[in-house]
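Taking it in order: structure first as structure tokens, then the write-up.
Keep in mind that this is a model prediction, so the values were computed, not measured. Per chain, numbering begins at 1; letters A, B, ... match sequence-line order.
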Number of protein chains: 2
Amino acid sequence: MDALENVIIEGDCVDVMNRLPESSVDLIFADPPYNLQLGGDLTRPDNSEVDGVKDDWDQFDSFDSYDLFTHEWLAACRRVLKDTGAIWVIGSYHNIFRVGAILQDAGFWIMNDVIWRKTNPMPNFKGTRFQNAHETLIWATKHPNQKPYTFNYDALKAFNDDLQMRSDWTIPICTGQERLKKPDGKKVHPTQKPEGLLHRVLLATSKPGDMILDPFSGTGTTAAVSKALGRRFIGIEQDASYARYSRERLSRVEPYDDADLKTVTGKKAEPRVPFGALVESGYLRPGDRLFSASRRHEARVRIDGSLTNGDTVGSIHRLGAFVQRAPSCNGWTFWHFEDRNGLMPIDMLRRKFRTQMGLG
Amino acid sequence: MDALENVIIEGDCVDVMNRLPESSVDLIFADPPYNLQLGGDLTRPDNSEVDGVKDDWDQFDSFDSYDLFTHEWLAACRRVLKDTGAIWVIGSYHNIFRVGAILQDAGFWIMNDVIWRKTNPMPNFKGTRFQNAHETLIWATKHPNQKPYTFNYDALKAFNDDLQMRSDWTIPICTGQERLKKPDGKKVHPTQKPEGLLHRVLLATSKPGDMILDPFSGTGTTAAVSKALGRRFIGIEQDASYARYSRERLSRVEPYDDADLKTVTGKKAEPRVPFGALVESGYLRPGDRLFSASRRHEARVRIDGSLTNGDTVGSIHRLGAFVQRAPSCNGWTFWHFEDRNGLMPIDMLRRKFRTQMGLG
DNA sequence: GTGACAATTGAATCACCTA
DNA sequence: CTAGGTGATTCAATTGTCA
């Protein structure tokens with residue numbers, strides 16, 4: 001099974017994952033069933049109070065088997081996941097606490113829990129509980145303190161009107177044209193996830209070309225959004241009917257233009273330019289004076305790209321920190337050079353250097 | 001220990017609970033240590049230091065020792081709880097999954113998980129994850145399919161502007177006058193909960209005269225709100241200083257005026273609709289063109305909701321400001337999409353989104 | 001008093017590369 | 001592995017200061 005990609009595979013997810021090469025997947029999105037062994041409709045979300053007696057004796061037994069099931073598919077996920085990879089799991093209060101605890105026990109490291117806040121949830125008709133208006137997602141890396149992992153911070157900030165993205169996401173449930181229907185008009189799947197949710201997940205924690213795996217593929221929302229966003233994917237689905245519907249759905253997905261897949265990136269992604277290179281290339285000359293924005297501090301450029309204020313010598317960062325008595329300082333934004341129009345941060349020169357050298 | 005009530009008891013919560021009469025409590029609210037596992041120091045971009053939770057009471061050797069601790073206090077809670085009673089637990093992703101699973105294993109029956117959506121959470125200063133903007137509460141009865149239990153559906157509906165109360169609550173963190181301060185101006189407790197949160201909990205799931213127990217009483221928010229709402233209470237707190245401050249606080253509590261509560265309801269509770277949400281939900285597609293009203297400027301939509309005009313990229317606001325050479329710009333009114341009837345501001349799409357999603 | 005502006009702060013698993 | 005250097009990074013509210 002090499003170079004298998006962009007398919008929906010029919011079968012048990014543990015079996016199928018164990019036949020995939022290890023450390024081959026960048027990101028897993030898993031929407032596991034809630035009610036394995038719990039007696040069908042009785043424990044479907046929001047109906048858990050229907051039966052009086054059965055749940056009582058069933059409870060321990062069913063939690064145990066659910067835990068075992070969870071442990072097994074998470075172990076299979078862990079094997080196929082790259083050491084730089086991550087996993088998302090979505091669930092409700094019926095199962096998410098067990099899944100989250102087992103995830104932690106398996107060695108995954110939770111980065112955030114994220115709340116999918118539904119704009120248009122089903123009402124609780126009986127008025128016996130709060131309206132169940134959200135689901136919980138867990139985002140976890142394969143290892144504690146894992147470096148690197150993918151998080152497109154700046155893209156999400158642009159998405160969110162220039163504010164950093166929060167852990168609660170307001171997204172509509174899947175309805176209308178997007179919802180897959182059978183010829184008789186009934187919905188194909190009871191819990192089809194909205195493409196908007198997967199769009200945000202993939203935008204946040206994957207890159208174009210990444211391999212995305214969904215072990216409980218269902219109607220193929222993960223696969224469909226992966227295809228649209230220029231990611232590779234493997235979906236695994238046990239149910240032949242769901243698999244058939246999702247393949248048909250995928251055939252209708254048009255990938256977006258490569259140019260539109262690009263996202264906002266921040267300074268962290270830019271190539272490093274040592275300050276000395278600006279001096280070397282004549283953007284600044286030894287002896288030039290630099291100033292803090294307020295002109296309160298002044299320093300002279302030296303031939304090796306260090307600065308001196310007379311008493312002390314150091315890098316742009318060290319001297320900036322020193323004169324401010326701060327533990328650290330970004331010299332690029334702290335120091336300014338004299339321009340026709342007044343003081344300009346030396347970061348301007350760095351940008352000019354990058355552009356003229358064809359960097360970034 | 002009979003008829004002990006309306007007190008803060010100093011001591012280990014398991015010891016104290018085991019000395020209380022069994023089946024004597026109507027509702028428990030528990031805010032256990034979160035086991036945050038913080039690393040080194042954290043500084044803000046302005047170099048100031050974040051005052052994190054490094055207290056001894058939040059230190060555990062391992063998940064195992066935390067699980068054992070959790071199991072023990074939950075067992076003690078179970079004993080003192082009436083068969084008609086219920087429990088609330090609050091936590092974050094560090095601990096809530098373990099607590100939820102152990103709660104289920106102990107025989108409690110989860111009714112809802114509730115999200116406390118913070119209006120003013122602390123940012124993620126380093127841009128490494130999503131801003132941790134919520135905490136999770138679990139509401140569970142003592143038994144599966146328990147009847148009766150207390151749920152004041154109508155009171156909540158009235159409280160929530162005649163809308164059914166959802167499972168996500170928008171409430172500010174505890175600051176300002178409400179936050180207890182030492183004589184030196186420092187906060188008494190690192191994690192004091194807002195009274196608005198407890199107000200909703202008690203309003204929803206307790207009755208006047210009920211006995212409310214908080215095994216991790218801290219600064220006594222549960223006790224204070226219980227007193228204000230005419231409930232009886234017992235708070236248990238290990239730390240002598242916290243206990244002293246909470247007793248002093250209680251002496252000042254008077255019955256509530258609802259208007260004073262800092263909760264956010266109705267339309268104001270609805271989060272902003274960011275531009276990216278229109279893209280992920282299909283109101284605009286990556287590759288679509290946007291124009292300024294005069295058509296003098298043009299840009300393309302990308303998957304992260306950023307715009308590009310070929311040279312420059314940025315959010316709708318950033319790019320709008322850039323092309324106009326303005327310091328700032330409201331992208332919602334500056335950029336337009338092509339409609340049958342000509343150009344329409346993208347703000348129209350946001351309004352449509354809000355309307356269709358029932359967001360005010 | 002008042003309005004503008006600056007300073008402070010909150011349950012936080014918060015950088016990364018090279019020598 | 002550690003140590004050290006470079007240089008990237010924040011939102012909403014309340015409180016305090018100064019004109």
Side-chain angles (χ1 to χ4, degrees), chain A residues 104 108-113 140-141 144-149 151 153-154 157 160-167 266-270 272-276 305-306 314-321 326-335 346-347 350, chain B residues 31-55 57-60 63 90-96 116 118-136 172-179 181 185-187 189-194 216 218 262 264 272:
Chain A
Q104 289 179 308
F108 291 96
W109 192 247
I110 299 181
M111 299 294 284
N112 280 109
D113 58 339
T141 54
N145 309 116
Q146 176 177 312
K147 291 162 191 168
Y149 61 93
F151 182 59
Y153 177 79
D154 300 283
K157 193 168 173 176
N160 194 38
D161 296 350
D162 297 321
L163 291 174
Q164 67 178 200
M165 185 68 79
R166 298 168 44 113
S167 58
K267 283 188 174 177
K268 283 177 184 166
E270 310 242 307
R272 232 174 58 83
V273 175
F275 180 69
S306 61
S315 69
I316 53 172
H317 312 297
R318 292 277 134 181
L319 195 69
S328 72
C329 166
N330 183 346
W332 291 107
T333 50
F334 178 74
W335 294 108
I346 56 176
D347 197 34
R350 180 171 62 164
Chain B
D31 182 11
Y34 287 8
N35 189 20
L36 286 187
Q37 309 174 69
L38 302 182
D41 290 339
L42 178 65
T43 54
R44 299 188 180 82
D46 64 4
N47 279 327
S48 64
E49 198 167 308
V50 175
D51 184 13
V53 181
K54 292 179 185 149
D55 307 68
W57 49 254
D58 198 41
Q59 306 305 321
F60 294 85
F63 281 138
I90 183 167
S92 67
Y93 66 84
H94 309 83
N95 71 323
I96 197 64
W116 169 25
K118 303 179 184 182
T119 57
N120 50 351
M122 187 156 73
N124 180 296
F125 296 111
K126 305 293 190 191
T128 55
R129 305 179 178 199
F130 300 104
Q131 181 185 27
N132 204 353
H134 74 276
E135 293 188 27
T136 301
I173 61 175
C174 182
T175 59
Q177 298 299 317
E178 188 185 321
R179 188 95 194 201
K181 302 276 171 51
K186 303 271 182 211
K187 60 194 174 194
H189 192 284
T191 72
Q192 184 178 343
K193 296 293 176 287
F216 306 98
K262 284 189 229 161
V264 187
R272 265 177 326 106

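Checked against ring-ring contact (aromatic ring centres under 6.0 Å, His included), B/Phe60 has the following partners two or more places apart in sequence or in another chain: B/Tyr66, B/Phe69. Annotation: side chain to side chain contact (heavy atoms under 4.5 Å, CB included) contacts of B/Pro172 (sequence neighbours excluded): B/Thr119, B/Asn120, B/Lys262, B/Val264. Legend: residues meeting salt bridge (Lys or Arg N to Asp or Glu O under 4.0 Å) with A/Arg350, ordered by chain and number and at least two apart, are A/Asp347. Listed by chain and residue number, B/Arg272 satisfy the salt bridge (Lys or Arg N to Asp or Glu O under 4.0 Å) test with A/Asp161 (two or more places apart in sequence, or in another chain). Every residue two or more places apart in sequence or in another chain that forms a side chain to side chain contact (heavy atoms under 4.5 Å, CB included) with B/Gln37 is listed here: A/Trp109, B/Asn35, B/Phe63. Applying the ring-ring contact (aromatic ring centres under 6.0 Å, His included) test to A/Tyr153 and every residue at least two apart in sequence or in another chain returns nothing. Take B/His189 and apply the side chain to side chain contact (heavy atoms under 4.5 Å, CB included) test, not counting sequence neighbours, and it matches B/Trp57, B/Thr191, B/Thr219, B/Tyr242. Under the rule for a side chain to side chain contact (heavy atoms under 4.5 Å, CB included), the partners of B/Leu38 that lie at least two apart in sequence or sit in another chain are B/Leu36.
To the nearest whole angstrom, the two C1' atoms, one in C/dG10 and one in C/dC14, are 15 Å apart. Going from the P atom of C/dA19 to that of D/dG7 covers 14 Å, rounded to whole Å. Comparing the same atom, C1', in D/dT17 and in C/dG1 gives a spacing of 15 Å after rounding to whole Å. D/dT10 sits 15 Å from C/dA7 when the C1' atoms are compared, rounded to a whole Å. As rounded to the nearest Å, C/dC17 and D/dT9 have P atoms that lie 15 Å from one another.
At the heavy-atom level, A/Ser315 lies under 4.0 Å from the strands shown only through sugar-phosphate atoms. Within 4.0 Å of A/Arg350, counting heavy atoms only, lie sugar-phosphate atoms of the nucleic acid but no base atom. Note on A/Tyr153: only backbone sugar-phosphate atoms sit closer than 4.0 angstrom, heavy atoms only; bases stay farther off.
Interface limits on DNA chain D: the 5'-most and 3'-most nucleotides within less than 4.0 Å of chain A heavy atoms are D/dG5 to D/dA12.
Taking the O4'-C1'-N9-C4 or O4'-C1'-N1-C2 dihedral as appropriate, C/dT13 has a value within 90° of 0 and is therefore syn.
Between the side chains of A/His317 and A/Ser315, no donor N or O sits under 3.5 Å from an acceptor N or O.
Within the structure, the salt bridge (charged side-chain N to carboxylate O under 4.0 Å, His left out) test picks out the following pairs touching residues 31-46 of chain B (sequence neighbours left out): B/Asp31-B/Lys193, B/Asp41-B/Lys54.
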Inset, instruction - Starting at the 5' end of DNA chain C, write a dot or bracket for each base, bracketing those in Watson-Crick or G-U wobble pairs whose two distances are under 3.5 Å and using | for partners on another strand. - result: .|||||||||....|||||

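Comparing A/Lys267 and A/Arg272 by the nucleotide of DNA chain D that holds the closest heavy atom to each, the one mapping nearer the 5' end is A/Arg272.
Salt-bridge check for B/Lys187 with B/Asp51: passed, with a basic side-chain N closer than 4.0 Å to an acidic carboxylate O.
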Inset, instruction - Would you give a per-nucleotide map of nucleotides 9-19 of chain C, 5' to 3', where B means the base has a protein non-hydrogen atom under 4.0 Å away, S means only the sugar-phosphate does, and - means neither? - result: BBBBBBSS---

